[in-house]
J.: 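First the structure, then my questions, so here it is.
Hydrogens, waters and symmetry mates play no part in the numbers below; they use all other heavy atoms, side chains included. Numbers restart at 1 for each chain; the letters A, B, ... are given by sequence-line order, proteins then strands.
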Amino acid sequence: MVRRNEEVEALLQEYADLVLITGGDAFKARAYEKAARAIGSHHADVAGLDAEGLREIPNVGRSIADKVIGYLRTGSMPAVEDVRAKVPAGVRQLMAIPTLGPRKAMVLYQDLHISSVPELLDALHEERLRDLKGFGPKTEENILHGIDLMRAAGDRVPINAAMDVAEEIVAELSALPGCENCGYAGSLRRMRETIGDVDILVAAARSAPFMDAFVTLPGTAEVIAQGTKKTSVRTTKGLQIDLRVVPPDSWGAGMQYFTGSKAHNIRTREMAVHHKLKLSEYGLFHAKSGKKIVSQTEEEVYARLGLPWIPPTLREDRGEVAAGLRGELPDLVTEADIRGDLHTHTDLTDGLAPLEEMVAAAARRGLRYYAITDHAPDMAMQRMTDEKALAQRERVRELDGRHRKMRLLHGTELNIGPDGAVDWPQEFLRGFDICVASVHDHFRQGRDALTRRLVTACENPEVNIIGHPTTRIIGRRPGLDMDLDAVFAACARTGTALEINAHPDRLDLSDEHILRAKRYGVKFAVDTDAHAPLHLEYLRYGVGIAQRGWLTADDVINTWPLTRLRRFLRKGGSAATSS
DNA sequence: GCCGTTTTCGGCCCGACTGTTTTCAGTCG
């Protein structure tokens with residue numbers, strides 16, 4: 001079963017938002033936010049905890065523990081229901097618009113009775129916001145821009161949300177008698193950064209039992225269509241899921257077809273036509289006789305077209321077919337290749353778990369090395385100091401060696417200031433094993449200044465990795481406007497790696513940027529940026545994006561043995577060219 | 001509402017930026 005933590009997290013976060021919208025105590029809202037975050041990233045399923053167990057989660061006290069227990073028992077939380085009755089759900093949706101917070105959302109609702117994004121757009125076009133206190137022309141512009149950003153993300157969901165649902169359904173359907181094969185296909189299998197709808201494929205002689213089970217799964221809000229070959233539902237969270245059942249011997253052709261992409265399928269079908277064949281979801285057939293040739297596995301289908309099996313993450317019609325024909329498909333990096341995580345946090349700054357817990361979780365995942373990179377002092381809210389960093393280093397050195405197979409690196413995530421300088425003087429930086437450097441503020445400096453800023457950071461001899469290089473937040477904040485080619489060139493020249501941040505809301509760099517950067521000879525680091533042990537699992541999404549960027553293990557520094565990695569970390573050493 | 005080598009009350013991640021004001025509220029990280 002899916003953990004109930006996410007649903008409890010969402011509920012507590014909603015309550016926190018509603019407290020703010022209704023002008024309640026900001027500290028109380030903050031308390032609920034912190035509890036929501038802690039529960040969402042707690043390792044154990046809250047459904048299995050009693051009040052005492054819940055209170056062991058940091059930032060969960062008596063009041064919230066009791067509310068959660070009540071909710072898990074009855075399916076409702078009265079405090080939330082009360083405040084929901086006062087504020088329409090749409091008002092909270094307004095807060096999803098960047099630059100629109102709880103106060104402005106409340107003003108819009110109270111003064112203009114606006115409680116949805118379309119109503120807000122109408123009001124904007126009718127210039128009804130002009131008279132509101134605190135709303136000027138720039139506010140209008142920012143709101144319009146924010147709505148555009150949200151629209152661009154459309155109804156797509158982050159990949160981890162889709163993955164959780166898909167894996168749950170695959171597990172359920174796989175357990176049914178008669179299931180020969182079951183898996184997810186579509187953009188999820190291709191590891192796109194966001195997912196529009198989830199495609200599940202089953203191979204079975206009879207489809208009815210699967211269709212019946214599918215529509216009655218918990219979480220199904222609406223059955224959009226139900227047939228013998230295809231059934232579609234919408235979940236309570238609004239995600240559409242299509243289930244297709246194919247005959248057992250059509251499994252391979254079905255997976256190939258439903259995995260896509262559309263452009264890749266057009267390319268492969270053209271090749272079939274060229275060979276006087278016809279490719280469909282049921283198999284590869286002789287065009288004239290209609291006689292089936294192959295259909296059981298993807299490998300067979302590709303082989304009959306003269307191609308090696310093409311990894312799903314490459315199936316975007318970006319040259320994978322031509323590369324396959326030439327026998328030049330890259331040997332893609334896999335999750336198993338990753339030996340270490342080079343960007344992680346603890347509760348010394350904004351992480352949720354103590355150093356010891358993060359390290360233990362990393363060791364359990366079988367990592368061979370692990371870097372702790374808490375925030376640096378220039379991010380004022382994190383309250384980092386020299387003393388804290390040094391004390392942490394001492395603790396890291398003590399812990400190092402306790403996990404026999406995993407070495408620890410002590411690092412930091414520096415802030416790249418407006419001029420490209422970072423938090424600490426060089427001498428202090430030299431004490432770290434590894435330095436990630438990231439942009440956390442001044443996002444709108446202008447293209448030239450931003451480019452110079454990143455290039456300057458690369459040129460710092462102590463900076464090893466540029467963290468979340470564009471700083472985009474998917475669906476919320478566009479990437480920095482800078483000359484990426486200049487930055488990529490600077491990384492290659494200085495021996496600075498670019499991060500592929502695996503957090504599902506970031507996935508930064510994106511696949512297209514990776515493809516571009518690789519041409520400069522840049523090296524990459526696939527990191528989780530974990531703020532809790534559970535986040536270490538995000539690695540798979542980072543690896544997915546790396547694969548979509550055609551990266552091999554050699555391109556990714558945290559697949560390397562530690563000795564080679566250490567050489568790379570001494571910038572100017574020869575590691576970047578040797579292998 | 002949570003929390004405690006400043007403890008059971010009184011703090012709570014702090015500072016900067018933006019856009020609106022004309023001294024500051026709201027938003028963000």
J.: Sorted by first residue and then second, give each side-chain hydrogen bond (donor to acceptor under 3.5 Å, both in side chains) pair with at least one member in residues 53-62 of chain A; sequence neighbours left out.
T.: none
J.: Side-chain donor-acceptor pairs under 3.5 Å in residues 21-29 of chain A, sequence neighbours left out?
T.:
| unit_1 | atom_1 | unit_2 | atom_2 | d |
| --- | --- | --- | --- | --- |
| Thr22(A) | OG1 | Leu18(A) | O | 2.7 |
| Thr22(A) | OG1 | Val19(A) | O | 3.1 |
| Asp25(A) | OD1 | Phe27(A) | N | 3.0 |

J.: Does Glu398(A) have more than 12 heavy atoms from other residues, nucleotides or ligands lying within 6.0 Å of its CD?
T.: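 Check passes, neighbour count above 12.
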J.: Can you measure Asn415(A) atom CG to dG29(B) atom P for me and round it to whole angstrom units?
T.: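 After rounding, the reported distance stands at 14 Å.
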J.: Output the rounded distance in Å from CD (Glu56(A)) to P (dC2(B)).
T.: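 Taking CD of Glu56(A) and P of dC2(B), I get 15 Å after rounding.
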J.: Rounded to whole Å, how long is the line connecting atom CZ of Arg62(A) with atom C1' of dT8(B)?
T.: 13 Å
J.: Please state the C1' separation for the pair dC17(B) and dG10(B) - nearest whole angstrom.
T.: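 It comes out at 30 Å once rounded to the nearest Å.
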J.: dC12(B) and dT18(B): how far apart are their P atoms, nearest whole angstrom?
T.: 26 Å
J.: Rounded off to whole Å, could you give me the CG-to-C1' distance for the Asp378(A) and dG29(B) pair?
T.: 14 Å
J.: Write down the protein N/O and nucleotide N/O pairs, taken from nucleotides 21-26 of chain B, whose separation is under 3.5 Å; answer none if there are no such pairs.
T.:
none

J.: Taking the same atom, P, in dT22(B) and in dG26(B), what whole-Å distance lies between them?
T.: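 Taking atom P in both dT22(B) and dG26(B), they lie 14 Å apart.
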J.: In terms of side-chain geometry, is the basic nitrogen of Glu141(A) or Lys138(A) positioned less than 4.0 Å from the acidic oxygen of its partner?
T.: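 Here Glu141(A) pairs with Lys138(A) in a salt bridge, since their nearest N and O are under 4.0 Å apart.
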J.: Among residues 64-85 of chain A, which contact DNA chain B at a heavy-atom distance under 4.0 Å?
T.: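 Nucleic-acid contacts, sorted: Ile64(A), Lys67(A).
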J.: Which nucleotide, in any strand shown, forms a Watson-Crick or G-U wobble pair with dT18(B), with both distances under 3.5 Å?
T.: dA25(B)
J.: Can you check whether Arg476(A) has a side-chain N or O nearer than 4.0 Å to OP1 or OP2 of dC28(B)?
T.: yes
J.: Residues two or more places apart in sequence or in another chain: which of them pass side chain to side chain contact (heavy atoms under 4.5 Å, CB included) with Val556(A)?
T.: Val333(A), Ile338(A), Val526(A), Leu551(A), Asn558(A), Thr559(A)
J.: Are there more than 12 heavy atoms of other residues, nucleotides or ligands under 6.0 Å from atom CD of Glu126(A)?
T.: yes
J.: Less than 4.0 angstrom between a side-chain N/O of Asn142(A) and OP1 or OP2 of dG19(B), yes or no?
T.: yes
J.: With sequence neighbours excluded, give me every ring pair (Phe, Tyr, Trp, His ring centres under 6.0 Å) pair touching residues 85-108 of chain A.
T.: none
J.: In whole angstroms, how far is the P atom of dT27(B) from the NE2 atom of His145(A)?
T.: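 Taking NE2 of His145(A) and P of dT27(B), I get 17 Å after rounding.
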J.: Looking only at side-chain atoms of Arg30(A), point me to the closest of dC13(B), dG1(B), dG29(B).
T.: dC13(B)
J.: The side chain of Ser63(A) lies closest to which of these nucleotides: dG1(B), dG29(B), dT20(B)?
T.: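 Of the candidates, dG1(B) comes closest.
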J.: Donor-acceptor pairs under 3.5 angstrom involving side-chain atoms of residues 86-99 of chain A: please list them, not counting sequence neighbours.
T.:
| unit_1 | atom_1 | unit_2 | atom_2 | d |
| --- | --- | --- | --- | --- |
| Arg92(A) | NE | Asp17(A) | OD2 | 2.9 |
| Arg92(A) | NH2 | Asp17(A) | OD2 | 3.2 |

J.: Any heavy-atom pair between the side chains of Met358(A) and Ile372(A) that's under 4.5 Å?
T.: no
J.: Taking only the C1' atom of each, what is the distance from dC13(B) to dG19(B) in whole angstrom?
T.: 24 Å
J.: Mind jotting down which residue pairs meet the ring pair (Phe, Tyr, Trp, His ring centres under 6.0 Å) criterion with at least one end in residues 462-515 of chain A? Sequence neighbours excluded, please.
T.: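 Qualifying pairs, neighbours excluded: His440(A)-His468(A), His503(A)-Tyr538(A).
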J.: So which nucleotide from dG19(B), dG1(B), dG29(B) ends up closest to the side chain of Arg477(A)?
T.: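 Looking only at side-chain atoms, Arg477(A) lies closest to dG29(B).
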J.: On a whole-Å scale, what distance lies between the P atoms belonging to dT20(B) and dT27(B)?
T.: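 Going atom to atom, P in each nucleotide, I get 13 Å.
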J.: Taking the same atom, C1', in dA16(B) and in dG11(B), what whole-Å distance lies between them?
T.: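 The answer is 23 Å between these two C1' atoms.
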J.: For Asp350(A) and for Arg444(A), find the nucleotide of DNA chain B with the closest heavy atom, then tell me which residue's nucleotide is more 5'.
T.: Asp350(A)
J.: Run the salt bridge (Lys or Arg N to Asp or Glu O under 4.0 Å) test against Glu394(A) and tell me which residues pass, sequence neighbours left out.
T.: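 If we apply the salt bridge (Lys or Arg N to Asp or Glu O under 4.0 Å) test to Glu394(A), skipping adjacent residues, there are no hits.
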J.: Using the side-chain heavy atoms of Met379(A), tell me which of these nucleotides is nearest: dT20(B), dG29(B), dC2(B).
T.: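 Side chain of Met379(A) sits closest to dG29(B).
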J.: Using atom CZ of Arg37(A) as one end and atom P of dC13(B) as the other, report the distance to the nearest whole Å.
T.: 12 Å
J.: For the salt bridge (Lys or Arg N to Asp or Glu O under 4.0 Å) test, which of Arg506(A), Arg472(A), Arg548(A) pairs with Glu193(A)?
T.: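 Answer after filtering Arg506(A), Arg472(A), Arg548(A): Arg472(A).
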J.: Taking the P atom in each of dC2(B) and dT6(B), what is the distance between them to the nearest angstrom?
T.: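 One P to the other, the span is 22 Å.
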J.: Mind calculating the distance between NE2 (His345(A)) and P (dC13(B)) to the nearest angstrom?
T.: 18 Å
J.: Need one value for Asp441(A): base, sugar-phosphate or nothing, where a base atom within 4.0 Å counts as base even if backbone is also close, heavy atoms only.
T.: nothing
J.: Distance-only criterion, 3.5 Å: show the donor-acceptor pairs between side-chain atoms of residues 104-119 of chain A and protein atoms not counting sequence neighbours.
T.:
| unit_1 | atom_1 | unit_2 | atom_2 | d |
| --- | --- | --- | --- | --- |
| Ser116(A) | OG | Glu119(A) | N | 3.2 |
| Glu119(A) | OE1 | Ser115(A) | N | 2.7 |

J.: Could you go over nucleotides 15-17 of chain B and give all protein N or O partners under 3.5 Å, atom names and distances?
T.:
| unit_1 | atom_1 | unit_2 | atom_2 | d |
| --- | --- | --- | --- | --- |
| dC17(B) | OP1 | His442(A) | NE2 | 3.3 |

J.: Partners of Ala457(A) by side chain to side chain contact (heavy atoms under 4.5 Å, CB included), sequence neighbours excluded?
T.: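 Counting only residues at least two positions away or on another chain, Ala457(A) forms a side chain to side chain contact (heavy atoms under 4.5 Å, CB included) with Ile416(A), Ile466(A).
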J.: Can you measure Lys28(A) atom NZ to dC2(B) atom P for me and round it to whole angstrom units?
T.: 10 Å
J.: Regarding Tyr32(A), tell me which of base, sugar-phosphate or nothing describes its non-hydrogen contacts under 4.0 Å with the strands shown.
T.: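 Contact class for Tyr32(A): sugar-phosphate only.
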